[in-house]
Amino acid sequence: MTLTALEMQGFKSFPEKTTLNFGKGITAVVGPNGSGKSNISDAVRWVLGEQSSKSLRGSKMEDVIFDGTKLRKAHGFAQVTLRLDNKDRALKGYDTDEVSVTRKYYRSGESEYKINGIAVRLKDVHELFMDTGLGRDGYSMVSQGKIADMVSGKGKECREMLEEAAGISSYRYRRNDSLKKLSQAEENLVRLRDILTELESRIGPLKHQSEKAEKFIVLAEEKKTIEIGLWLYNIDKLKADLSAQQDKIAIAQNQYDSAEGELSEIESMIEQCMTDTQNINIRIDEIRNGISELEEKAASSMSEQAVLRNSIEHNNETIDRIGRDRTDSESNRKQLLKEIETEEKLISQIRRIREEKSTELQKTRDFLEKMQLEGGNLDEESAEISKNIAVLTNELSDARVVHSTLLSSVTEIKTRVETIESLVIGKQEIVDDLSSQNGRIELEKQKCEKEIAECTNAVNGYSLRLNGKNEKADSLKKELDDKTFEAQRTISKIKMLEELEKNMEGYSGAVKKVIKESQKGALKGIHGTISQLISVKSEYAVAIETALGNSIQNIVTDTENDAKNAINFLKAGNAGRATFQPISAIKGKSLDEKNLDDCYGYIDTAVNLITYKDIYAEIISSLLGKVVVCEDLTSAIAIAKKYEHRFKIVTLDGQVINAGGSMTGGSQAQSTGILSRGTEIERLKEKDKKLTQELAEKQESYDKLCNEIRKLTAELENEKAELSNLQEEKIRLEGEYNLISQQLLTAKNDLNELKSEKNSADERISSIEKSIEAKKEQTEKLSEEIGNAEKRLLSLSGRKTELS
């Protein structure tokens, strides 16, 4: 037998399930102080049944459960499993190659032990490791200071260690157990002697009570006869009263029938009135519905009228605006026509003046020629004037060239302005397009941000719901664990009780031997003990078991000869004594007391509170036929006094008032009795069935909740993925928005530059037009000077003419 593995979960510093595998040879665990090395040896000692928390370096047993940290929650239980190689079959009673021993402890204080997965008692674990040296106090586990204790220990401790090493400790344990049972048997014998002495002392009072009972029977018969006569008298009197009442009932019936007819007529009238009222209400509802429809149509018409009015007002405003525009256009046209007419008049006047000037010039030239011909003295002056006229003519020509140049510049600048205006229009379209794109992207970004907010809210909502579901799942898992633990405890208790029932724990040795021999077929005619042949409800189990007393272990046989053979068997084997009740010999008893049902606290006779086969009726009635069961000791005392202690009374909690007046009572043992053991097994099986059903329902709810959690988790992940996509889309839109904003800013700058250039061109045009105006004035001035010179020359020519 060797240690192969050690599994720990929730034990001290091992929150998660940890498995240590031990191979052949020596296995060493190395680590610094505080790393939990000693917890491994504590786990081995604990799973072997150590009950002292101090030996496990704790103040209470709950300290072995992992208590949690800042990052981990505390566990609700600690579990350790020890796995042993049993190929050599060193562990007797287990024909498997591997034996596992498990101990589980809950914070509630509940503890359980398992061997190969089957629930057992701590005693079974101790017995498993006896004589193996591997028990909790065995020599196989040597801790600090253990060697010194072995060497310097007292003689008793050394002897126990040597007995464990020699493999005889199990015999010492069995010997101590046997001595304990013998001591209990001695105590039972002393109790039996006390009971026998008490019963012997009751024989005299019982005889006196029997005489009183016989006298009571005679008096009871007389009382019965008198009561019958009284009842007959009362019956005759009641018959006369009944006849008189029947006459009164007939009269009342006639009156009732008359009133019933009148009531029917009134009800018919009421129904007719209700019908008329209902028709009127229906007509009123129809009228109301018609009014509602008309009101709805009127409201609809009003709405349409308001819409049409608004349309008319809008159209009138449009007509007025178009009229104003038309008036303005007409006035502009008239103004232009006036300007055109003025300009045409001016042109005609200029043409007329030019013609006049041309005529005058021709005259002057003619006069000049005449003067040249007529006057020779004035030639030089005329030549000088001519020279001046030539100079002025050149200046006039230069001024006209400058004027022409300025006009050409104005034309070029206007052409550039037109080009700039077309460029401005193009840039403006680009700016408008970029602004439109920017607005669109801004709307998309706002929509994306709104969707991100909605998605974030959805993620938060799913997270809250998921947290709620997880908390509910944790609570349901805890309930499921609690129910599972309770079911395991119930199954364990059922197995323990069935084992006790199988081993006939609580029965005397003689009874056990007779029943076992009967089961083997060595003894014939054995039916079983009284406890095995009857069944009783749990609320009456204590009372019936108390009423039966030691008779509960009586053995029922077919005949006296069968009982004789069983007695001879016990005598031959020196196996003790037992009481036998042959079916062929026992006669039943019954309780004939009257008016017990009227007594406060009375429940029933004991024989009526149990279930059994008809074949055992005489035996059961002989034991319980004259035993009364009542609720409590107070009612029992009252019933006993009323019937002068003629029969035995038992309360539900096991207190007894014996026939004759003696009382037996006190606290009742808490352990399950022989009689109630079977009832308790059935009750526990029913409880186990109910727990199994509840477990299935809880498991179904838990699985359903887990599916919901998985679904919520998937939806949460989808929302998170959608949120991530939306955030990426937002980043993309922000990048595109920034790019278009930069392009829009550049286009606006270009547009501003073009507008600035156009303004500069307009200013240059204005400046050039001023220069043109100045040149025009200079040209007119030069023309005027030329005219004056020509006049002067003409005058000189006239003088020359005069001179000539």
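- In this structure, K626 NZ and S590 OG are separated by 7.0 Å, a value rounded to the nearest 0.5 Å.
- When all heavy atoms of V536 and A541 are compared, the closest pair comes out as CG1-CA, 4.0 Å.
- Annotation: side chain of T546 is in contact with side chain of V656 (closest heavy-atom distance under 4.5 Å).
- Proximity of I555 to Q581: side-chain heavy atoms (C-beta onward) are nowhere separated by under 4.5 Å.
- Looking only at distances, a side-chain donor or acceptor of Y643 sits under 3.5 Å from a matching main-chain atom of K594.
- The two atoms that bring M663 and N658 nearest to each other are N-ND2, 4.3 Å, heavy atoms only.
- By the 6.0 Å and 45° rule, R107 does not stack over the aromatic ring of F77.
- Inspection of the K704 and Y702 side chains reveals no N or O donor paired with an N or O acceptor under 3.5 Å.
- Within the 3.5 Å criterion, the main-chain N or O of D703 finds a donor-acceptor partner in the side chain of N707.
- For K689, the NZ atom counts as loosely surrounded, since its 6.0 Å shell holds 12 or fewer non-hydrogen atoms of other residues, nucleotides or ligands.
- In this model, a donor atom of one side chain and an acceptor atom of the other lie less than 3.5 Å apart for E560 and S584.
- The shortest heavy-atom contact between F647 and L596 is CZ-CD2, 4.0 Å.
- When side chains are defined from C-beta on, I544 does not count as touching I552, because their heavy atoms never get closer than 4.5 Å.
- Counting non-hydrogen atoms of neighbouring residues, nucleotides and ligands closer than 6.0 angstrom, the CG atom of N467 exceeds 12 such neighbours.
- Judged by distance alone, the side chains of Q184 and N188 never bring a donor and an acceptor atom under 3.5 Å apart.
- A heavy-atom distance below 4.5 Å is found between the side chains of Q699 and L480.
- Distance OG/S108 to CG/D482: 7.5 Å, rounded to 0.5 Å.
- For the pair L570 and F580, the minimum side-chain heavy-atom distance is below 4.5 Å.
- Among V542, V629, L633, D632, the single residue meeting the side-chain contact (heavy atoms from CB on, under 4.5 Å) criterion with L652 is V629.
- Of the charged side-chain nitrogens involved, at least one lies within less than 4.0 Å of a carboxylate oxygen, so that K469 and E708 count as a salt-bridged pair.
- Judged by distance alone, the side chain of K648 and the main-chain N or O of A547 form a donor-acceptor pair under 3.5 Å.
- Using modelled atom types and a 3.5 Å distance limit, the side chains of D562 and T559 yield a donor-acceptor pair.
- Put simply, CD1 on I619 and CG on N554 are 9.5 Å apart, with the number rounded to the nearest 0.5 Å.
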Inset, instruction - Assess whether side-chain contact (heavy atoms from CB on, under 4.5 Å) is satisfied between I657 and H645, documenting all intermediate values. - result: CA-CA 8 Å; I657 298 180; H645 303 283; 4.1 Å; yes
Legend entry - Step-by-step side chain to side chain donor-acceptor pair (under 3.5 Å) determination, N608 to T605: CA-CA 6 Å; N608 293 331; T605 54; 2.7 Å; yes
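- With hydrogens and angles disregarded, no donor-acceptor distance shorter than 3.5 Å links the side chain of S475 to the backbone of K472.
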Inset, instruction - Using the side-chain contact (heavy atoms from CB on, under 4.5 Å) rule, take F569 and L523 through it: C-alpha gap first, then chi angles, then the decisive distance, then the call. - result: CA-CA 9 Å; F569 166 73; L523 293 177; 4.1 Å; yes
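- Using a cut-off of 4.0 Å between Lys/Arg side-chain N and Asp/Glu carboxylate O, D474 and K478 are scored as not salt-bridged.
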Inset, instruction - Decide side-chain contact (heavy atoms from CB on, under 4.5 Å) for Y113 and K104; before the verdict, give the C-alpha distance in whole Å, the side-chain angles of both, and the deciding distance to 0.1 Å. - result: CA-CA 7 Å; Y113 297 88; K104 194 172 186 180; over 6 Å; no
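- In this structure, S622 and K587 approach most closely via the heavy-atom pair CB-O, 3.4 Å.
- T692 places a side-chain N or O within 3.5 Å of a backbone atom of D688 that can act as its donor or acceptor partner.
- Looking only at distances, a side-chain donor or acceptor of T651 sits under 3.5 Å from a matching main-chain atom of Q655.
- In plain terms, the two heavy atoms of I709 and A473 that are nearest each other are CD1-CB, 3.7 Å.
- How far OG1 of T557 is from NE2 of H527: 7.0 Å, rounded to the nearest 0.5 Å.
- Counting only distance, with no hydrogens or angles, the side chain of Q532 and the backbone of T529 share a donor-acceptor pair below 3.5 Å.
- In this structure, the side chains of V628 and D604 stay at 4.5 Å or more apart for every pair of heavy atoms.
- Looking at heavy atoms from C-beta onward, I610 lies out of side-chain contact with K537 at the 4.5 angstrom threshold.
- Crowding of R465 atom CZ: a count of heavy atoms from other residues, nucleotides or ligands under 6.0 Å not exceeding 12.
- Taking each heavy atom of S518 and I526 in turn, the nearest pair found is OG-CB, 3.2 Å.
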Inset, instruction - Report the C-alpha separation of E644 and K212 in whole Å, then their side-chain angles, then the decisive distance to 0.1 Å, and conclude whether the salt bridge (Lys or Arg N to Asp or Glu O under 4.0 Å) test is met. - result: CA-CA 9 Å; E644 299 179 346; K212 284 186 176 182; 5.1 Å; no
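- Between K687 and E486 a salt bridge is recorded (basic side-chain N to carboxylate O distance below 4.0 Å).
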Legend entry - Test log, rule side-chain contact (heavy atoms from CB on, under 4.5 Å), inputs I530 and S551: CA-CA 7 Å; I530 295 295; S551 300; 5.7 Å; no
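- How far CG of L624 is from NZ of K589: 11.0 Å, rounded to the nearest 0.5 Å.
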Below 3.5 Å, can you tabulate the donor-acceptor pairs from side chains in residues 218-234 to any protein atom, sequence neighbours excluded?
residue : atom : partner : partner atom : Å
T225    : OG1  : E221    : O            : 3.1
N234    : ND2  : L230    : O            : 3.3

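- Side-chain atoms of S621 come within 3.5 Å of backbone atoms of E618 as a donor-acceptor pair (strictly under, hydrogens ignored).
- When side chains are defined from C-beta on, I603 counts as touching L609, because their heavy atoms get closer than 4.5 Å.
- Although no hydrogens or angles enter the test, the distance criterion places no donor-acceptor pair under 3.5 Å between the side chain of D124 and the main chain of V120.
- Taking a cutoff of 4.0 Å between a charged side-chain nitrogen and a carboxylate oxygen, D241 and K237 do not qualify as a salt bridge.
- Annotation for E700: atom CD does not count as buried by contact number, only 12 or fewer foreign heavy atoms lying within 6.0 Å.
- Between atom CD of residue E479 and atom CG of residue D481 there is a gap of 10.5 Å, rounded to the nearest 0.5 Å.
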